[in-house]
Amino acid sequence: MLEPDFFARDVVSVARALIGVRLAVAGVGGTIVETEAYHHEDPASHSFNGRTQRNAAMFGPPGRAYVYRSYGIHWCLNFVCEAEGSGSAVLLRAIEPEAGLEEMRDRRWRADTRLRCAGPGRLTQSLGVTGSMDGLALDAAPFALLPAAGPGEIVAGPRIGISRAIDLPWRFGLAGSRFLSRPFGRAQRGQVAPA
DNA sequence: GGTATGATTGACT
DNA sequence: GTCAATCATACCA
């Protein structure tokens with residue numbers, strides 16, 4: 001498992017540190033290859049305008065899940081960071097499928113393996129994440145998190161799909177991974193994001 | 001009460 | 001490249 005206070009630090013550092021960490025939900029998962037950081041002072045964040053019923057988990061203790069419905073269709077999975085009340089979380093955007101490949105295929109029979117967990121909505125569908133997991137602790141079932149197997153080159157760039165704070169380089173990915181939701185631009189390769 | 005807007009995806013021109 | 005699906009939230013009347 002990850003160390004207990006892994007999530008109790010600034011959300012951008014956690015987003016970067018999560019690249020390479022292995023995630024499983026009820027035994028189905030793989031290596032995290034793409035994340036984004038969202039902070040309560042960030043106009044693109046759900047927590048920017050304060051606590052609501054939907055984003056309540058973002059203001060809870062770190063190390064828990066925040067699951068919300070996107071565009072009325074998809075679920076998106078976040079990890080709450082920093083401290084209780086801070087309203088910060090890391091969005092999981094892509095993983096490299098490794099465990100439970102048969103279950104992923106059954107849940108997403110149309111997509112091939114490369115696209116199976118490439119994108120926040122696809123990832124939750126393949127792993128079986130739903131709104132019922134909103135607010136659950138990440139150090140207990142059905143979640144399992146294992147430290148990164150080894151160092152990897154990390155790239156940073158602007159976040160995807162937002163209309164405000166579009167210049168903040170708070171999207172992180174594993175360099176050269178085939179399982180990203182979208183490639184990182186050449187200009188961002190090797191760039192170090194601010195903590 | 002109404003209406004606009006998404007941390008998306010898949011189908012289609 | 002365009003566009004619809006589908007709904008919680010925010011904002012306005």
Side-chain angles (χ1 to χ4, degrees), chain A residues 7 10-19 21 23 25 32-60 62 64-82 86-95 97 104-136 138 155-174 177-185 188 193-194:
Chain A
F7 295 100
D10 80 273
V11 66
V12 175
S13 293
V14 176
R16 186 167 40 206
L18 278 170
I19 301 301
V21 169
L23 163 71
V25 179
I32 296 170
V33 296
E34 185 180 343
T35 63
E36 284 179 359
Y38 288 89
H39 189 269
H40 70 287
E41 291 178 351
D42 164 16
S45 173
H46 288 169
S47 57
F48 182 65
N49 288 312
R51 181 179 179 136
T52 66
Q53 187 170 8
R54 175 175 68 158
N55 68 20
M58 279 187 92
F59 291 90
R64 297 202 184 181
Y66 165 47
V67 183
Y68 70 92
R69 206 189 268 285
S70 174
Y71 288 87
I73 304 169
H74 309 287
W75 295 108
C76 289
L77 173 63
N78 300 252
F79 293 164
V80 178
C81 294
E82 301 194 1
S86 72
S88 63
V90 175
L91 170 69
L92 297 187
R93 290 194 54 90
I95 68 173
M104 291 186 194
R105 185 190 59 216
D106 291 345
R107 290 165 177 158
R108 282 195 62 76
W109 55 273
R110 270 189 282 229
D112 65 32
T113 303
R114 194 179 67 80
L115 296 176
R116 197 143 288 160
C117 300
R122 293 176 181 148
L123 185 156
T124 54
Q125 189 179 0
S126 287
L127 270 56
V129 173
T130 69
S132 67
M133 297 175 186
D134 186 40
L136 294 185
L138 298 171
V155 289
R159 295 171 293 180
I160 292 175
I162 56 174
S163 59
R164 299 199 282 181
I166 58 175
D167 293 329
L168 288 175
W170 284 1
R171 175 184 179 227
F172 300 95
L174 181 64
S177 173
R178 300 166 44 236
F179 299 91
L180 300 173
S181 65
R182 290 169 52 173
F184 282 79
Q188 285 91 33

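Below, each value reflects all heavy atoms present in this structure, side chains not excepted, and no hydrogens, waters or symmetry copies. Every chain is numbered from 1, with letters handed out A, B, ... down the list of sequences.
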> Give a yes or no on whether the ring-centroid distance for Y68(A) and H46(A) is below 6.0 angstrom.
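When the ring centroids of Y68(A) and H46(A) are compared, they turn out to be within the sub-6.0 Å range.
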
> Quick check, are the ring centers of F7(A) and F79(A) under 6.0 angstrom apart?
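Centroid separation for F7(A) and F79(A): below 6.0 Å.
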
> Considering every strand and a 4.0 Å limit on heavy-atom distances, what is the contact class for R54(A): base, sugar-phosphate, or nothing?
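Since only primed, P, OP1 and OP2 atoms lie under 4.0 Å of R54(A), the category is sugar-phosphate.
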
> Find the runs of at least 3 consecutive base pairs, i with j, i+1 with j-1 and so on, that include DNA chain B, using Watson-Crick or G-U wobble geometry with both distances under 3.5 Å.
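Consecutive-pair runs (3 or more) involving DNA chain B: B:1-6 with C:7-12, B:8-12 with C:1-5.
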
> Determine the contact category for N78(A): base if any of its heavy atoms lies under 4.0 Å from a base atom, sugar-phosphate if only primed atoms, P, OP1 or OP2 are that close, otherwise nothing.
base

> Nearest 0.5 Å, what's the OH-CG distance between Y66(A) and L138(A)?
14.5 Å

> Under 4.0 Å between a side-chain nitrogen and a carboxylate oxygen: does that hold for D42(A) and R159(A)?
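Here D42(A) pairs with R159(A) in a salt bridge, since their nearest N and O are under 4.0 Å apart.
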
> Could R171(A) and F184(A) be counted as a cation-pi pair, given that NZ or CZ must be under 6.0 Å from the ring centre and within 45° of the axis?
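Yes.
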
> Between dT6(C) atom P and Y68(A) atom OH, what is the distance in whole Å?
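Atom OH in Y68(A) sits about 19 Å away from atom P in dT6(C).
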
> Please report the interatomic distance OG(S47(A)) to CG(N78(A)), rounded to the nearest 0.5 Å.
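So the OG of S47(A) and the CG of N78(A) are separated by 10.0 Å.
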
> What is the first contacted nucleotide of DNA chain B and what is the last, in 5' to 3' order, if contact means an atom lying under 4.0 angstrom from a heavy atom of chain A?
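On DNA chain B, the outermost contacted nucleotides are dG6(B) to dA11(B).
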
> Rounded to the nearest Å, what distance is computed from the CG atom of residue N55(A) to the P atom of nucleotide dA8(C)?
15 Å

> Determine the contact category for S181(A): base if any of its heavy atoms lies under 4.0 Å from a base atom, sugar-phosphate if only primed atoms, P, OP1 or OP2 are that close, otherwise nothing.
nothing

> Between S126(A) and R116(A), do the side chains contain a donor N or O and an acceptor N or O under 3.5 Å apart?
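Distance-only check fails for R116(A) and S126(A).
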
> What's the gap between dA8(C) and dG10(B) when it is taken at their C1' atoms, as a whole Å value?
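After rounding to an integer number of Å, I get 22 Å for this pair.
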
> Looking only at side-chain N and O atoms, does Q125(A) offer a donor or acceptor that is under 3.5 Å from a partner on R108(A)?
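Result is yes, a qualifying pair exists.
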
> Heavy-atom count around R182(A) CZ within 6.0 Å, excluding the residue itself: above 12?
no

> Specify the separation, in whole Å, of atom CZ of R164(A) and atom P of dA10(C).
12 Å

> Contact class for I73(A) vs. all strands (heavy atom < 4.0 Å): base, sugar-phosphate, or nothing?
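Counting heavy atoms under 4.0 Å across all strands, the contact made by I73(A) includes a base.
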
> Need to verify one output field. Residue with the more 5' nearest nucleotide on DNA chain B, A44(A) or R122(A)?
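Here A44(A) is the residue nearer the 5' end.
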
> Of Q125(A) and E36(A), whose closest DNA chain B nucleotide lies nearer the 5' terminus?
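Looking at the nearest nucleotide for each, E36(A) comes out on the 5' side.
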
> Can you check the distance between dT5(B) and dC3(C), where both ends of the measurement are the P atom (answer in whole Å)?
15 Å

